[in-house]
J.: 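Please read through the structure below; I'll follow up with questions.
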Amino acid sequence: MKELDDWLQALADEVGFDPADVDVEAVLDLAGDAAHNVVRPAAPLTTYVAGYVIGLAAARDGGEAPEPAAVLERIAGFARAWGSATD
């Protein structure tokens with residue numbers, strides 16, 4: 001995972017965030033849930049939407065965003081349920 005850690009650090013340096021704020025395992029789990037329970041291309045779309053939701057909530061609520069872990073788990077649960085519902 002060194003390459004992934006290096007990539008995250010490079011992204012952080014480029015756009016200005018603390019890489020410690022990113023739960024890489026949770027994001028990868030969400031991507032896996034979307035890829036395996038919806039359709040493979042849903043993985044990047046789903047992770048983008050999760051980040052968008054968190055950022056949008058922060059902007060709307062004066063900076064009080066929902067906990068990222070809660071958003072990721074809610075969307076992951078939705079993706080898992082989608083797979084069950086369409087089986």
Side-chain angles (χ1 to χ4, degrees):
M1 295 283 270
K2 181 175 178 352
E3 287 182 43
L4 191 57
D5 291 338
D6 291 347
W7 172 243
L8 180 61
Q9 185 61 58
L11 283 173
D13 293 344
E14 180 67 21
V15 297
F17 66 92
D18 184 352
D21 291 337
V22 178
D23 185 343
V24 173
E25 187 174 329
V27 173
L28 294 176
D29 286 347
L30 172 58
D33 287 334
H36 296 292
N37 293 292
V38 182
V39 64
R40 187 175 212 107
L45 175 63
T46 304
T47 55
Y48 174 84
V49 168
Y52 180 76
V53 166
I54 293 166
L56 190 60
R60 285 186 181 156
D61 297 334
E64 294 183 30
E67 286 296 318
V71 173
L72 294 175
E73 184 51 42
R74 180 176 179 180
I75 295 175
F78 186 71
R80 289 188 300 268
W82 183 276
S84 297
T86 58
D87 286 341

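No hydrogens, no waters, no symmetry mates; every other heavy atom, side chains included, goes into these values. Source: prediction; values computed, not measured.
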J.: Is there side-chain contact between Thr46 and Val38, with at least one heavy-atom pair below 4.5 Å?
T.: no
J.: Which value, rounded to the nearest 0.5 Å, describes the distance between Leu72 atom CG and Asp29 atom CG?
T.: 9.5 Å
J.: Distance from Asp18 atom CG to Leu8 atom CG, nearest 0.5 Å?
T.: 9.0 Å
J.: Closest approach of Pro44 and Arg40, non-hydrogen atoms and distance?
T.: CD-O, 4.0 Å
J.: If every non-hydrogen atom of Pro19 is compared with every non-hydrogen atom of Ala12, which pair is closest and at what distance?
T.: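 Reported closest heavy-atom pair: CD-CB, 3.7 Å.
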J.: Consider only side-chain heavy atoms of I, L, V, M, F, W and Y, link residues closer than 4.5 Å, and tell whether Val49 and Val27 are in one cluster.
T.: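 Linked within one cluster.
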J.: How are the rings of Tyr48 and Tyr52 set relative to one another: parallel (under 30°), tilted (30 to 60°) or perpendicular (over 60°)?
T.: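 Correct class here is parallel.
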J.: With a cut-off of 6.0 Å (strictly less than), are more than 12 heavy atoms of other residues, nucleotides or ligands near CZ of Phe17?
T.: yes
J.: Side-chain donor-acceptor pair under 3.5 Å between Gln9 and Asp13, yes or no?
T.: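 Yes, side-chain donor-acceptor contact under 3.5 Å.
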J.: Considering all heavy atoms of both residues, which atom of Ala43 and which atom of Ala35 are nearest to each other, and what is their separation?
T.: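 That closest heavy-atom pairing would be CB-CB, 4.1 Å.
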J.: Is it true that Arg80 and Glu73 make a salt bridge, defined as a side-chain N closer than 4.0 Å to a carboxylate O?
T.: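 Between Glu73 and Arg80 there is a salt bridge, with a charged N closer than 4.0 Å to a carboxylate O.
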J.: Would Leu28 and Met1 satisfy side-chain contact (heavy atoms from CB on, under 4.5 Å), going step by step from the backbone distance to the final call?
T.: CA-CA 12 Å; Leu28 294 176; Met1 295 283 270; 3.8 Å; yes
J.: Which atoms form the tightest heavy-atom contact between Leu30 and Ala50, and what is the distance?
T.: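 Scanning both residues, the minimum pair turns out to be CD2-CB, 3.8 Å.
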J.: Consider only side-chain heavy atoms of I, L, V, M, F, W and Y, link residues closer than 4.5 Å, and tell whether Ile54 and Val22 are in one cluster.
T.: no
